[in-house]
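Right, one structure below, let's go through it.
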2 protein chains.
Amino acid sequence: MPKGRANAGRLSADDWIQAGYAILADDGLEALKLDRLCTRLGVTKGSFYWHFADMAAYRSALAHAWAQLHDRDRRHFADLGHLTPRARLSQMMASLLGERQWTLERAMREWARTDPAVAESVRAADHRVLDAVRHAFADAGFDADEADMRANSVFAAGIGFLHLSDAPPGARMDAQRERFLDLMLTR
Amino acid sequence: MPKGRANAGRLSADDWIQAGYAILADDGLEALKLDRLCTRLGVTKGSFYWHFADMAAYRSALAHAWAQLHDRDRRHFADLGHLTPRARLSQMMASLLGERQWTLERAMREWARTDPAVAESVRAADHRVLDAVRHAFADAGFDADEADMRANSVFAAGIGFLHLSDAPPGARMDAQRERFLDLMLTR
DNA sequence: ACCTGAACACCGTTCAAGT
DNA sequence: ACCTGAACACCGTTCAAGT
């Protein structure tokens, strides 16, 4: 019985990751303290250091696992080929901003600033999305150069919306984003 | 002789602020430690606590001072009225992203996430810029609703560009941003 | 009014010892 | 192989005492 979660006493590295997600989602970045993790898992600090070299390594592991989740979530962007480019862009925007794991997404981007390993995970994840966005513009009939410029702009706007909103975006903003996409698709 | 800087031994609150700017600009957010500040100013920690209640209060003061600098820097946005709306937008973009105090700007936005007082300063500063951007679109002949939507989008894209760039933006990105503005001004 | 010095609490890290 | 327990270093905070 491998891969079972927390069977009996002993923990796996993944148990620590899951606990980290939960804390981040509940109370944000600054709540992710060693003590907090230990209480939640019912072990002492020493246990942590058997699984991870230090906090930096743990964050890297968390980020790496997150990037994989992220990729799985966005894998279906590729399967969106049957939709019109316009519909695809709309889907992607919504999926970025409507994120139930909205607070996770932002936590990762903050860490990325100070932690190179996390930065690499985020960059890789971003790259995939940017590719999909660029692809949509190419399918909409723009040449490579024009598609690149428009994709960068739309992606930047998406990230900007993410950072500017204190709460998950409301209906009014949703409508504005749709009109923004219309604009970006005019030639 | 009031307002003199660090005349002889005694410090003013502003001396602490200036030291904070210097550290942030040199080595970023996580370098701003009490010890670091004290060594730089040649005093002990106790001195800090005479001027500020705690680190949170100090950060608020820093943010507030920054917001005033920010406003002074952007005050001339208003004096830009003689320029064409297009030129004004270009100026504002460049001024946001070309910022010599680029690392300060990002530090403030990161704090804003956890510190309500800092958040207020940043929001106020953002509000001014957004107003100027919206005004430019209104002057370009868009009705209030359309100007609002376009201003929000351009502003979000600006913030997004800011967060996505690891280094100050290069020439290629500059060109893409100009083309993006052209697009946003088409009707 | 402004600062020192010493104490304390919090939290990440180490490590010898346990099962 | 996985964890405990106790120690330590780092850093923010307090406060009585100095000038």
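Just so it is clear: chains get the letters A, B, ... in the order the sequence lines come, proteins before strands, and each one is counted from 1. It should be emphasised that the depicted structure is a prediction, and the values quoted were computed from it without experimental measurement.
Nucleotide dA9(C) holds its P atom 20 Å from the CG atom of L34(A), rounded to whole Å. If you take CG of L37(A) and P of dC3(D), they are 14 Å apart, rounded to a whole angstrom. In this structure, F52(B) atom CZ and dG12(D) atom C1' are separated by 15 Å, rounded to whole Å. Atom CZ in F48(A) sits about 12 Å away from atom C1' in dC11(C), given to the nearest Å. Taking atom CG of residue L41(A) and atom P of nucleotide dT4(D), one finds them 11 Å apart after rounding to whole Å. K33(A) places its NZ atom 14 Å from the C1' atom of dC10(D), with the value rounded to the nearest Å. Atoms CG (L32(A)) and P (dG12(C)) sit 9 Å apart, rounded to a whole Å.
Between Y49(A) and dT13(C) there is a side-chain polar atom (N or O) within less than 4.0 angstrom of OP1 or OP2. Note on H51(B): a side-chain N or O is less than 4.0 Å away from OP1 or OP2 of dC3(C).
With respect to R187(B) and E146(B), no salt bridge is recorded, no charged nitrogen being found less than 4.0 Å from a carboxylate O. For R172(A) and D148(B), the salt-bridge test passes: some basic side-chain N is under 4.0 Å from an acidic carboxylate O. A salt bridge links D174(A) to R177(A): at least one charged side-chain nitrogen sits closer than 4.0 Å to a carboxylate oxygen. Checked for salt-bridge contact, R74(A) and D126(A) miss the test: no charged N lies under 4.0 Å from a carboxylate O.
Of the candidates dC3(D), dC11(C), dA1(C), dC11(C) carries the atom nearest the D35(A) side chain, counting heavy atoms from C-beta on. Nearest nucleotide to the side chain of R10(A), out of dG12(D), dT4(C), dG18(C): dG18(C). Out of dT13(C), dC3(C), dT4(D), the shortest distance to the side chain of W50(B) is found at dC3(C).
Applying the Watson-Crick and G-U wobble criteria (two distances, each under 3.5 Å), dT14(C) pairs with dA6(D). The partner of dT19(C) is dA1(D), by the rule that a Watson-Crick or G-U pair needs both atom distances under 3.5 Å.
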Inset, instruction - Tell me, with the steps shown, if S153(B) and Q176(A) meet side-chain hydrogen bond (donor to acceptor under 3.5 Å, both in side chains). - result: CA-CA 8 Å; S153(B) 301; Q176(A) 284 209 347; 5.7 Å; no

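A donor and an acceptor atom sit less than 3.5 Å apart, one in the side chain of K45(B) and one in the base of dG12(D).
Within 4.0 Å of A56(A), counting heavy atoms only, lies no atom of the nucleic acid at all.
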